[in-house]
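Heads up, the thing below is written out as structure tokens.
We count ligands from 1, going down the list as the structure has it; atoms in each ligand are counted the same way.
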Amino acid sequence: MVVTKKSFPDLVYLNGEWLSHDSAYVSVFDRGYMLGDGIYEVIPVYKGKPFALEGHMTRFQNGLNAVAIDFNVGDLQPLLLECLRRSSLDSSDAAIYVQVTRGVAPRTHFFPEGVRPSILLYAYPITLKGFESKLAGVIVSEDIRWHRCDIKSISLMANVQANNEAHRQGVLENLLSRDGYITEGSHTSVFFVKDNTVYTHPEGHHILPGITRKVVIGLCEKLGFAFKEEAVRTDEMKYVDEVFLTGTTVQITAVTSVRVDGNEVFKTEDGGPLTKRLQRAFIDYVAAEIDR
Ligand code: PDD
């Protein structure tokens, strides 16, 4: 069983105020609370330094623009560092959660006018070291999400349902299958290796453009690996040589078991050779970024 114990952060930033988690409140008419009408980001922080910040911020701004929430993410930049400092995480490994909702207004399905977006952010410690020795099991289920998975919406009902099923079955992730092809995980991107070629689903409306995914694609190029942005069929997973997940919370985690409808279609003892080389390259890349 995957037991993930989480605690509340000591401090949160909410609409201009720094508050303890138990005194930070929003109106029940906040459209994030009532309609899931908001966009979020999760940014990894290595030794107090936000990683791939530009990529995260660009994706955040793109998401806000896509749903016409009028907010400039540039305004957040100083707050992220202040949050790390105030949370005593300015030399630790951590993550920053940040969300912007459309704001507080009487409930309507259309966008209300003249509403100020609500901003929430907080930082919390996470263990980023040692990902290369983790081995994950995954299950597969139908991708029932909407057709704009590229938007990092706070409405995550299909994702939480999928991940809860993985959790219930004692594995880390649920890979999602749409029209016979694997898109991504409930909260991670997924890569496959077959005959020394690395595959992942192309960008578009059916996956989140993962920031870690992008770094890993760059590393494939750097290492001279053959790489194809091409989706893998769900029924082809039994023929692949390696599977790994990427994401802010898992970095590059090897998958050693894939179960489809209760049948184990992929099984290995350990992460494969290309996965291991990418993990090492990722560790070096992060170290160089921290020192930059
Ligand atoms: N999840 N795909 C989905 C559906 C995700 O939610 C995430 C990230 C990823 C990986 O993206 P990145 O490499 O940019 O973290 C892929 C975050 C961490 C979350 O929801 O908590």
Side-chain angles (χ1 to χ4, degrees), residues 2 4 6 9 32 36 38-46 50-63 66 73 80 93-100 120-128 131 136 138 140-167 172-178 181-192 200-220 229 231 243-253 255 278-279 282 285-286 289:
V2 185
T4 332
K6 271 207 165 174
I39 303 292
Y40 78 104
E41 261 306 323
V42 187
I43 304 156
V45 176
Y46 292 90
F51 175 72
L53 187 57
E54 207 183 312
H56 282 278
M57 285 312 191
T58 302
R59 182 173 68 187
F60 199 17
Q61 189 69 63
N62 290 345
V73 301
L80 300 178
D93 289 351
I96 302 172
Y97 178 85
V98 45
Q99 72 167 43
V100 175
L120 165 72
L121 67 93
Y122 60 86
Y124 55 100
I126 57 170
T127 309
L128 293 167
F131 68 89
V138 301
V140 178
S141 66
E142 194 190 336
D143 193 343
I144 59 165
R145 298 174 302 163
W146 66 334
H147 291 277
R148 290 306 304 272
C149 305
D150 54 319
I151 298 173
K152 211 162 164 54
S153 162
I154 61 169
S155 318
L156 286 171
M157 183 55 83
N159 303 63
V160 297
Q161 262 192 316
N163 194 259
N164 188 59
E165 186 52 27
H167 185 75
L172 179 74
E173 184 58 300
N174 198 336
L175 302 185
L176 306 174
S177 169
R178 194 190 288 264
Y181 290 88
I182 298 294
T183 51
E184 59 181 337
S186 70
H187 69 310
T188 59
S189 312
V190 64
F191 287 70
F192 300 93
T200 198
H201 195 289
E203 280 195 19
H205 287 178
H206 286 155
I207 65 158
L208 184 79
I211 305 302
T212 322
R213 174 186 178 280
K214 205 168 162 197
V215 171
V216 169
I217 291 172
L219 294 176
C220 284
E229 222 167 345
V243 184
F244 61 89
L245 306 172
T246 71
T248 292
T249 49
V250 298
Q251 290 127 311
I252 303 176
T253 294
V255 171
L278 283 166
Q279 288 173 328
F282 187 81
Y285 180 84
V286 170
E289 285 293 298

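Listed by chain and number, the residues in a salt bridge (Lys or Arg N to Asp or Glu O under 4.0 Å) with D93 amount to none (sequence neighbours excluded). Every residue two or more places apart in sequence or in another chain was checked for a salt bridge (Lys or Arg N to Asp or Glu O under 4.0 Å) with E142, and none qualifies.
No part of I207 comes within 4.0 Å of ligand 1, judged by heavy-atom distances.
Looking at G247, A158, A52, G55, it is G247 that brings a heavy atom closest to atom 10 (C) of ligand 1. Of the candidates H187, K214, H56, E184, the one placing a heavy atom closest to atom 7 (C) of ligand 1 is H187.
Listed by number with element, the atoms of ligand 1 under 4.0 Å from a non-hydrogen atom of S189 are 10 (C), 16 (C). Of all atoms in ligand 1, listed by their number and element, those nearer than 4.0 Å to a heavy atom of S186 are 4 (C). Ligand-side atoms of ligand 1 in range of G185: 4 (C), range being under 4.0 angstrom from any heavy atom.
Without hydrogens or angle criteria, Q251 side chain to L128 main chain gives a donor-acceptor distance under 3.5 Å. Counting only distance, with no hydrogens or angles, the side chain of E173 and the backbone of T188 share a donor-acceptor pair below 3.5 Å. In this structure a side-chain-to-backbone donor-acceptor pair under 3.5 Å is missing from S153 to I39.
At the top of the distance list for atom 13 (O) of ligand 1, counting protein heavy atoms only, stands T212 OG1, 2.5 Å. The shortest contact between atom 15 (O) of ligand 1 and any protein heavy atom is with T248 OG1, 2.6 Å. What sits closest to atom 21 (O) of ligand 1 on the protein, heavy atoms only, is V42 CG2, 3.5 Å. Scanning the protein for heavy atoms near atom 20 (O) of ligand 1, the closest one is Y40 OH, 2.6 Å. Looking only at heavy atoms of the protein, atom 17 (C) of ligand 1 is closest to K152 NZ, 3.3 Å. Residue, atom and distance of the protein heavy atom nearest to atom 11 (O) of ligand 1 are G210 CA, 3.6 Å.
Here OG1 of T183 is found 5.0 Å from CZ of R145. Values are rounded to the nearest 0.5 Å. Atoms NE2 and NE2, on H201 and H206 in that order, are 7.5 Å from each other to the nearest 0.5 Å. One finds the OG1 atom of T212 at 8.5 Å from the CD1 atom of I252 (value rounded to the nearest 0.5 Å).
For ligand 1, the polar-atom distance check finds an N/O of I211 within less than 3.5 Å of one of the ligand's N/O atoms. On a distance-only criterion, T249 and ligand 1 share no N/O pair closer than 3.5 Å. Checked by distance only, ligand 1 and R213 stay at 3.5 Å or farther apart across all their nitrogen or oxygen atoms.
Evaluated for a side-chain contact (heavy atoms from CB on, under 4.5 Å) with V190, the options L176, V138, V243 yield exactly one hit, V243.
Ligand 1 has no atom lying under 4.0 Å from any heavy atom of A95.
Side-chain N/O atoms of N174 and S141 include a donor and acceptor closer than 3.5 Å.
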